[in-house]
2 protein chains.
Amino acid sequence: MESKSAVNMLSALGHEGRLAIFRLLVKAGPQGVAAGDVARALDVLPNSLSANLSILAHAGLVTSRREGRSIIYSADYGAMSGLLGFLMEDCCDGAPEICSPLNAVLARVEACGPACAPKSPA
Amino acid sequence: MESKSAVNMLSALGHEGRLAIFRLLVKAGPQGVAAGDVARALDVLPNSLSANLSILAHAGLVTSRREGRSIIYSADYGAMSGLLGFLMEDCCDGAPEICSPLNAVLARVEACGPACAPKSPA
DNA sequence: TCCATATTTCCATTATTCTCGAAATATGAG
DNA sequence: CTCATATTTCGAGAATAATGGAAATATGGA
(Lines give C-alpha, C1' and ligand atoms only; values in the text may rest on other atoms or scores of the structure.)
Protein backbone atom coordinates (compact mmCIF):
# COMPACT_ATOMS: atom_id res chain seq x y z
CA MET A 1 0.00 0.00 0.00
CA GLU A 2 1.26 3.43 -0.88
CA SER A 3 1.28 6.21 1.60
CA LYS A 4 -1.07 8.25 -0.52
CA SER A 5 -3.69 5.50 -0.58
CA ALA A 6 -3.45 5.19 3.16
CA VAL A 7 -3.89 8.92 3.61
CA ASN A 8 -6.95 8.85 1.38
CA MET A 9 -8.48 6.02 3.35
CA LEU A 10 -7.72 7.56 6.69
CA SER A 11 -9.05 10.97 5.80
CA ALA A 12 -12.12 9.34 4.30
CA LEU A 13 -12.70 7.59 7.62
CA GLY A 14 -11.84 10.71 9.61
CA HIS A 15 -15.39 12.02 9.36
CA GLU A 16 -18.14 11.04 11.73
CA GLY A 17 -20.73 10.33 9.07
CA ARG A 18 -18.43 8.34 6.84
CA LEU A 19 -17.05 6.33 9.71
CA ALA A 20 -20.60 5.40 10.67
CA ILE A 21 -21.34 4.35 7.10
CA PHE A 22 -18.20 2.29 6.89
CA ARG A 23 -18.77 0.55 10.19
CA LEU A 24 -22.29 -0.29 9.17
CA LEU A 25 -20.96 -1.87 6.00
CA VAL A 26 -18.22 -3.73 7.86
CA LYS A 27 -20.83 -5.08 10.21
CA ALA A 28 -23.14 -6.02 7.36
CA GLY A 29 -20.53 -8.18 5.71
CA PRO A 30 -19.77 -8.75 2.06
CA GLN A 31 -23.40 -9.02 1.02
CA GLY A 32 -23.58 -5.25 1.39
CA VAL A 33 -26.38 -2.77 1.99
CA ALA A 34 -28.39 -0.65 -0.44
CA ALA A 35 -27.62 3.06 -0.35
CA GLY A 36 -31.20 3.86 0.59
CA ASP A 37 -31.11 1.45 3.51
CA VAL A 38 -27.91 3.05 4.74
CA ALA A 39 -29.53 6.47 4.52
CA ARG A 40 -32.54 5.30 6.51
CA ALA A 41 -30.45 3.45 9.07
CA LEU A 42 -28.25 6.45 9.73
CA ASP A 43 -30.86 9.12 9.09
CA VAL A 44 -28.91 11.19 6.63
CA LEU A 45 -29.93 13.03 3.48
CA PRO A 46 -29.56 10.97 0.33
CA ASN A 47 -27.31 13.47 -1.38
CA SER A 48 -24.97 13.69 1.61
CA LEU A 49 -24.89 9.93 1.77
CA SER A 50 -24.11 9.69 -1.89
CA ALA A 51 -21.26 12.16 -1.60
CA ASN A 52 -19.82 10.31 1.35
CA LEU A 53 -20.17 6.89 -0.23
CA SER A 54 -18.42 8.29 -3.24
CA ILE A 55 -15.53 9.46 -1.09
CA LEU A 56 -15.27 6.06 0.58
CA ALA A 57 -15.39 4.34 -2.80
CA HIS A 58 -12.80 6.63 -4.29
CA ALA A 59 -10.56 5.85 -1.33
CA GLY A 60 -11.01 2.16 -2.11
CA LEU A 61 -12.74 1.30 1.14
CA VAL A 62 -16.06 0.24 -0.33
CA THR A 63 -17.27 -1.25 -3.57
CA SER A 64 -20.64 -0.97 -5.21
CA ARG A 65 -22.82 -2.91 -7.57
CA ARG A 66 -26.19 -2.14 -9.05
CA GLU A 67 -29.07 -4.43 -8.25
CA GLY A 68 -32.30 -3.34 -9.86
CA ARG A 69 -33.02 0.20 -8.85
CA SER A 70 -30.71 0.04 -5.86
CA ILE A 71 -26.99 0.37 -5.57
CA ILE A 72 -25.48 -2.00 -3.06
CA TYR A 73 -22.37 -0.96 -1.18
CA SER A 74 -20.05 -3.27 0.68
CA ALA A 75 -16.88 -2.82 2.71
CA ASP A 76 -13.69 -3.87 0.96
CA TYR A 77 -12.00 -6.11 3.49
CA GLY A 78 -8.88 -6.43 1.41
CA ALA A 79 -8.34 -2.69 1.41
CA MET A 80 -9.05 -2.57 5.12
CA SER A 81 -6.52 -5.25 5.77
CA GLY A 82 -3.98 -3.38 3.71
CA LEU A 83 -4.57 -0.22 5.66
CA LEU A 84 -4.21 -1.88 9.06
CA GLY A 85 -1.05 -3.59 7.87
CA PHE A 86 0.36 -0.33 6.57
CA LEU A 87 -0.27 1.40 9.88
CA MET A 88 1.63 -1.20 11.85
CA GLU A 89 4.32 -1.85 9.29
CA ASP A 90 7.72 -2.42 10.86
CA CYS A 91 6.06 -1.93 14.20
CA CYS A 92 8.64 -1.82 16.96
CA ASP A 93 11.51 -2.31 14.60
CA GLY A 94 13.90 -4.66 16.31
CA ALA A 95 11.22 -6.68 18.07
CA PRO A 96 9.02 -7.77 15.18
CA GLU A 97 8.10 -11.03 16.86
CA ILE A 98 5.85 -9.01 19.12
CA CYS A 99 3.86 -7.11 16.54
CA SER A 100 4.05 -9.21 13.44
CA PRO A 101 1.29 -11.68 14.31
CA LEU A 102 -0.78 -8.91 12.80
CA ASN A 103 0.03 -10.38 9.44
CA ALA A 104 -1.73 -13.63 10.17
CA VAL A 105 -4.86 -11.84 11.20
CA LEU A 106 -4.78 -9.40 8.36
CA ALA A 107 -4.77 -12.32 5.97
CA ARG A 108 -7.89 -13.63 7.63
CA VAL A 109 -9.63 -10.29 7.59
CA GLU A 110 -8.85 -10.14 3.93
CA ALA A 111 -10.30 -13.61 3.41
CA CYS A 112 -13.41 -12.38 5.18
CA GLY A 113 -14.56 -10.97 1.89
CA PRO A 114 -15.64 -14.04 -0.05
CA ALA A 115 -15.71 -16.28 2.97
CA CYS A 116 -18.23 -14.97 5.42
CA ALA A 117 -21.82 -15.07 4.28
CA PRO A 118 -23.94 -14.03 7.25
CA LYS A 119 -27.53 -14.63 8.18
CA SER A 120 -29.32 -14.47 4.86
CA PRO A 121 -27.72 -17.16 2.68
CA ALA A 122 -28.54 -14.88 -0.22
CA MET B 1 -13.53 3.42 22.18
CA GLU B 2 -16.03 6.09 21.36
CA SER B 3 -16.81 7.02 17.81
CA LYS B 4 -15.60 10.54 18.40
CA SER B 5 -12.17 9.37 19.56
CA ALA B 6 -11.89 7.18 16.51
CA VAL B 7 -12.80 10.05 14.21
CA ASN B 8 -10.19 12.22 15.87
CA MET B 9 -7.53 9.58 15.43
CA LEU B 10 -8.45 8.86 11.85
CA SER B 11 -8.57 12.46 10.78
CA ALA B 12 -5.28 13.06 12.58
CA LEU B 13 -3.75 10.24 10.52
CA GLY B 14 -5.50 11.38 7.36
CA HIS B 15 -2.74 13.82 6.55
CA GLU B 16 0.40 12.92 4.74
CA GLY B 17 2.78 14.64 7.10
CA ARG B 18 1.17 13.33 10.25
CA LEU B 19 0.93 9.81 8.92
CA ALA B 20 4.64 9.90 8.18
CA ILE B 21 5.34 11.13 11.70
CA PHE B 22 3.17 8.46 13.23
CA ARG B 23 4.68 5.67 11.20
CA LEU B 24 8.13 6.82 12.13
CA LEU B 25 7.17 6.65 15.79
CA VAL B 26 5.52 3.25 15.38
CA LYS B 27 8.67 1.97 13.78
CA ALA B 28 10.84 3.52 16.45
CA GLY B 29 9.05 1.68 19.23
CA PRO B 30 8.18 2.76 22.74
CA GLN B 31 11.52 4.42 23.39
CA GLY B 32 10.35 7.25 21.17
CA VAL B 33 12.09 9.93 19.14
CA ALA B 34 12.93 13.52 20.00
CA ALA B 35 10.88 16.12 18.14
CA GLY B 36 13.98 17.61 16.58
CA ASP B 37 15.09 14.23 15.27
CA VAL B 38 11.67 13.69 13.73
CA ALA B 39 11.88 17.09 12.07
CA ARG B 40 15.29 16.29 10.64
CA ALA B 41 14.30 12.79 9.54
CA LEU B 42 11.24 14.03 7.68
CA ASP B 43 12.63 17.40 6.67
CA VAL B 44 9.79 19.54 7.97
CA LEU B 45 9.72 22.93 9.64
CA PRO B 46 9.82 22.73 13.41
CA ASN B 47 6.66 24.71 13.83
CA SER B 48 4.72 22.52 11.43
CA LEU B 49 6.04 19.46 13.17
CA SER B 50 5.05 20.81 16.52
CA ALA B 51 1.53 21.56 15.33
CA ASN B 52 1.17 18.10 13.85
CA LEU B 53 2.59 16.35 16.88
CA SER B 54 0.15 18.31 18.95
CA ILE B 55 -2.74 17.09 16.81
CA LEU B 56 -1.55 13.50 17.10
CA ALA B 57 -1.15 13.87 20.84
CA HIS B 58 -4.56 15.45 21.25
CA ALA B 59 -6.04 12.54 19.31
CA GLY B 60 -4.34 10.20 21.77
CA LEU B 61 -2.09 8.55 19.23
CA VAL B 62 1.21 9.66 20.70
CA THR B 63 2.55 10.54 24.10
CA SER B 64 5.39 12.82 25.04
CA ARG B 65 7.89 13.25 27.81
CA ARG B 66 10.55 15.80 28.37
CA GLU B 67 14.14 14.66 28.51
CA GLY B 68 16.57 17.47 29.03
CA ARG B 69 16.07 20.04 26.34
CA SER B 70 14.28 17.59 24.08
CA ILE B 71 10.74 16.35 24.03
CA ILE B 72 10.46 12.69 23.19
CA TYR B 73 7.41 11.44 21.38
CA SER B 74 6.28 7.85 21.17
CA ALA B 75 3.40 6.05 19.52
CA ASP B 76 0.66 4.92 21.87
CA TYR B 77 0.18 1.28 20.97
CA GLY B 78 -2.80 0.90 23.23
CA ALA B 79 -4.67 3.65 21.43
CA MET B 80 -3.67 2.16 18.12
CA SER B 81 -4.97 -1.21 19.15
CA GLY B 82 -8.23 0.36 20.25
CA LEU B 83 -8.63 2.08 16.94
CA LEU B 84 -7.99 -1.03 14.88
CA GLY B 85 -10.42 -2.94 17.06
CA PHE B 86 -13.05 -0.27 16.69
CA LEU B 87 -12.77 -0.32 12.92
CA MET B 88 -13.37 -4.05 12.71
CA GLU B 89 -15.88 -4.27 15.53
CA ASP B 90 -18.66 -6.73 14.82
CA CYS B 91 -16.97 -7.42 11.51
CA CYS B 92 -19.12 -9.64 9.33
CA ASP B 93 -21.81 -9.92 11.93
CA GLY B 94 -22.95 -13.50 11.86
CA ALA B 95 -19.55 -14.92 11.05
CA PRO B 96 -17.41 -13.50 13.87
CA GLU B 97 -15.19 -16.58 13.97
CA ILE B 98 -13.65 -15.32 10.78
CA CYS B 99 -12.77 -11.79 11.81
CA SER B 100 -12.46 -11.95 15.56
CA PRO B 101 -8.93 -13.33 15.73
CA LEU B 102 -8.15 -9.65 15.45
CA ASN B 103 -8.72 -9.44 19.16
CA ALA B 104 -5.83 -11.72 19.96
CA VAL B 105 -3.49 -9.67 17.88
CA LEU B 106 -4.74 -6.38 19.13
CA ALA B 107 -3.93 -7.50 22.64
CA ARG B 108 -0.39 -8.19 21.55
CA VAL B 109 -0.03 -4.89 19.77
CA GLU B 110 -1.15 -3.25 22.94
CA ALA B 111 1.40 -5.21 24.94
CA CYS B 112 4.02 -3.98 22.51
CA GLY B 113 4.25 -0.81 24.52
CA PRO B 114 6.20 -1.87 27.60
CA ALA B 115 7.39 -5.13 26.09
CA CYS B 116 9.50 -4.37 23.09
CA ALA B 117 12.72 -2.58 23.73
CA PRO B 118 14.57 -2.43 20.40
CA LYS B 119 18.21 -2.10 19.47
CA SER B 120 19.56 0.36 21.99
CA PRO B 121 18.90 -1.22 25.42
CA ALA B 122 18.59 2.34 26.73
C1' DT C 1 23.72 36.25 34.07
C1' DC C 2 24.21 35.35 29.17
C1' DC C 3 24.01 32.30 25.41
C1' DA C 4 22.81 28.35 22.43
C1' DT C 5 19.60 24.67 21.61
C1' DA C 6 14.90 22.75 21.42
C1' DT C 7 10.23 23.34 20.94
C1' DT C 8 6.05 25.78 20.98
C1' DT C 9 2.74 29.67 20.24
C1' DC C 10 0.82 33.35 17.54
C1' DC C 11 -0.90 35.15 13.37
C1' DA C 12 -2.58 35.90 8.70
C1' DT C 13 -3.24 33.92 4.28
C1' DT C 14 -4.59 30.36 1.40
C1' DA C 15 -6.81 26.18 0.39
C1' DT C 16 -9.89 22.53 1.27
C1' DT C 17 -13.94 20.40 2.92
C1' DC C 18 -18.75 20.34 4.63
C1' DT C 19 -23.69 21.06 4.06
C1' DC C 20 -27.94 21.14 1.92
C1' DG C 21 -31.42 22.51 -1.59
C1' DA C 22 -32.65 21.75 -6.24
C1' DA C 23 -32.29 19.55 -10.45
C1' DA C 24 -30.77 15.59 -13.19
C1' DT C 25 -30.17 10.60 -14.29
C1' DA C 26 -31.29 5.64 -14.11
C1' DT C 27 -34.28 1.72 -13.46
C1' DG C 28 -38.51 -0.84 -13.39
C1' DA C 29 -43.72 -1.06 -13.29
C1' DG C 30 -48.24 -0.22 -15.37
C1' DC D 1 -44.94 6.63 -22.60
C1' DT D 2 -45.74 8.03 -17.98
C1' DC D 3 -44.94 7.58 -13.36
C1' DA D 4 -42.71 6.39 -8.89
C1' DT D 5 -38.51 4.99 -6.70
C1' DA D 6 -33.44 5.20 -6.05
C1' DT D 7 -29.39 7.60 -6.44
C1' DT D 8 -26.30 11.02 -8.12
C1' DT D 9 -24.75 15.63 -9.74
C1' DC D 10 -24.54 20.59 -9.43
C1' DG D 11 -23.80 24.82 -7.06
C1' DA D 12 -23.07 28.36 -3.46
C1' DG D 13 -22.22 29.72 1.13
C1' DA D 14 -20.20 28.55 5.64
C1' DA D 15 -16.89 26.31 8.27
C1' DT D 16 -12.51 24.16 9.02
C1' DA D 17 -7.79 23.04 8.25
C1' DA D 18 -2.98 23.79 6.25
C1' DT D 19 1.17 26.69 5.75
C1' DG D 20 5.07 29.30 7.06
C1' DG D 21 7.31 33.43 9.15
C1' DA D 22 8.33 35.63 13.45
C1' DA D 23 8.37 35.82 18.25
C1' DA D 24 8.00 33.51 22.78
C1' DT D 25 9.11 29.88 26.27
C1' DA D 26 11.98 26.28 28.41
C1' DT D 27 16.25 23.93 29.50
C1' DG D 28 21.14 23.36 30.28
C1' DG D 29 25.90 25.05 30.04
C1' DA D 30 29.76 28.66 30.59
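Just so it is clear, the model here is predicted, and its values are computed rather than measured. Here is the naming used below: chain letters follow the sequence lines, and residue numbers restart at 1 for every chain.
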Q: Mind calculating the distance between CD1 (B:I71) and C1' (C:dT9) to the nearest angstrom?
A: 13 Å

Q. Which sits closer to the 5' end of DNA chain C, A:G14 or A:R66, going by the nucleotide each is nearest to?
A. A:G14

Q. Any side-chain N or O of A:Y73 less than 4.0 Å from the OP1 or OP2 oxygen of D:dT8?
A. yes

Q: Please tell me which of the listed nucleotides, C:dT8, C:dT19, C:dG21, lies nearest to the side chain of A:H15?
A: C:dT19

Q. A:R40 near the nucleic acid: base, sugar-phosphate alone, or nothing, with a heavy-atom cut-off under 4.0 Å?
A. nothing

Q | Integer-rounded Å distance: C:dT25 C1' and A:N47 CG | A | 15 Å

Q) If you round to the nearest 0.5 Å, how far is CE of A:M9 from CG of B:L10? A) 12.5 Å

**Q.** Separation of atom CG in B:N52 from atom P in C:dT9, rounded to whole Å
**A.** 13 Å

Q: Select one nucleotide: of C:dT9, D:dA4, D:dG28, the one nearest the side-chain heavy atoms of B:S50.
A: C:dT9

Q.
In whole Å, I'd like the distance from the CG atom of A:D37 to the C1' atom of D:dT7.
A. 13 Å

**Q.** Protein-nucleotide distance (B:H58, atom NE2; C:dT9, atom P), rounded to Å
**A.** 12 Å

Q) Which sits closer to the 5' end of DNA chain C, A:G68 or A:L45, going by the nucleotide each is nearest to? A) A:L45

**Q.** B:R66 (side chain) donor-acceptor with B:G68 (main chain) under 3.5 angstrom
**A.** yes

(Q) Rounded to whole Å, how long is the line connecting atom CG of A:L49 with atom P of C:dC18? (A) 14 Å

Q) Within less than 4.0 Å of OP1 or OP2 of D:dT8, is there a side-chain N or O belonging to A:S54? A) no

Q) Atom CD1 of A:I21 to atom P of D:dT8: distance rounded to whole Å? A) 11 Å

Q) So do the side chains of B:L53 and B:I21 get within less than 4.5 Å of each other, counting heavy atoms only? A) yes

Q) To the nearest 0.5 Å, how far apart are CG in A:L56 and OG in A:S64? A) 11.5 Å

Q.
If I take atom CG in residue B:L53 and atom P in nucleotide C:dT7, what distance separates them, rounded to the nearest angstrom?
A. 9 Å

**Q.** Side chain of B:P46 - closest among C:dT8, C:dA22, C:dC18
**A.** C:dT8

Q: Please examine the side chains of B:Y77 and A:M88, heavy atoms only from C-beta on, and report whether any two atoms are closer than 4.5 Å.
A: yes

Q: Could you tell me whether the phosphate oxygens of C:dA29, OP1 or OP2, come under 4.0 Å of any side-chain nitrogen or oxygen in A:R69?
A: no

Q | Closest to side chain of A:A35, choosing from D:dG28, D:dG20, D:dT7 | A | D:dT7

